[in-house]
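Counting convention: from 1, in listed order, for ligands and their atoms alike.
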Amino acid sequence: MSGAILSTHGLIARYGDFQALYGIDFEIDAGEAVALIGANGAGKSTFLRALMGLLPVAAGMVRMEGTPIGGTATDRMVQMGVAIVPEGRRLFAGMSVEDNLRVAMDQAERLGRKGGWSLQRLHDLFPILKEKARTPVQSLSGGQQQMVSIGRALLCQPKLLLCDEISLGLAPKVIREIYAALPEVRAQGTSIILVEQDVGLAKQASDRLYCLLEGRVTLTGPSAEVTRDAISQAYFGGS
Ligand code: ATP
């Protein structure tokens, strides 16, 4: 058995009759950052949803620290130490920054998760969240909302953080600010799976990467070593 914090073997996921993932073999170690790249519709979000229990695993195996967990409910995944920063952020509109964050703190407490993240530490990571604590989230900029969404996931005290396109639609300066926070997250021993459309960013922020094409892994390797040509081939397919 490997020392992976999470691994999948032959993972298959479907939406009704449509098969979105065709047997994904994947693993991530403690403290590692792994990027998942691929074109629109390749299956990246589906993979994260299946890991998080938001979509049933049709076949195959998911293991968390060696224990099979395929088909586990989302609350249980949070309890086991997996948290997601979902595509589109999904904050509670009408609630303040702090109230959004408190929902996560309450969830962590209810599920008995303990860890090093607190409001104070989050404010050190993203000082704007302290400044805007009482502001309704819908009044924030996209980047600030993304910081709340990341903060909410961190307050679940994850061992593994799933990030779904956290740079999408944000200005380069804000993207840099958000990506600059990731090493701090990893320094806590938290592993990160990063779904990212921007290949340069994905390579830079990860130790290893996987490329998906039409629900299959077409490339995997150390991010510093995979070439642009190899990525291009894996991204678009063809021979
Ligand atoms: P994107 O960058 O567009 O989010 P992705 O790699 O994350 O791309 P997925 O969203 O995982 O891709 O989609 C994989 C496939 O599953 C696509 O063909 C998509 O059309 C299909 N799909 C995604 N969500 C659903 C759904 N709720 N119902 C049916 N099909 C879906």
Subset of ligand 1 atoms that lie under 4.0 Å from at least one heavy atom of [X]:
X	value
Arg49	24 (N)
Gln197	2 (O)
Ala39	6 (O)
Ala42	5 (P), 6 (O), 12 (O)
Thr46	9 (P), 11 (O), 13 (O), 14 (C)
Glu165	2 (O)

If you measure only the distance, is there a donor-acceptor pair under 3.5 Å linking the side chains of [X] and [Y]?
X	Y	result
Glu196	Tyr179	yes
Asp164	Ser45	yes
Gln233	Asp229	no
Tyr15	Thr46	yes

Check: Lys132 side chain, Val97 main-chain N or O, donor-acceptor pair, under 3.5 Å: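 Not confirmed, Lys132 side chain does not pair with Val97 backbone.
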Minimum-distance protein heavy atom relative to [atom]:
atom	answer
atom 10 (O) of ligand 1	Ser45 CB, 3.8 Å
atom 24 (N) of ligand 1	Tyr15 CZ, 3.3 Å
atom 18 (O) of ligand 1	Phe18 CZ, 3.4 Å

Test item, Gly38 contacting ligand 1 (heavy atom, 4.0 angstrom):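 Gly38 does not count as a contact of ligand 1 under the 4.0 Å cut-off.
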Step-by-step side-chain contact (heavy atoms from CB on, under 4.5 Å) determination, Asp29 to Ile5: CA-CA 5 Å; Asp29 287 336; Ile5 184 162; 5.8 Å; no
Leu122 side chain reached by Leu101 side chain, heavy atoms, under 4.5 Å: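 Heavy-atom side-chain distance check passes, below 4.5 Å.
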Protein non-hydrogen atom found under 4.0 Å from atom 20 (O) of ligand 1: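 No.
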Phe47/Phe26 aromatic ring centres below 6.0 Å: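 Yes, the ring centres sit under 6.0 Å apart.
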Options Ala50, Gly41, Gly16, ranked by nearest heavy atom to atom 15 (C) of ligand 1, top entry: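 Nearest option to atom 15 (C) of ligand 1, by heavy atoms: Gly41.
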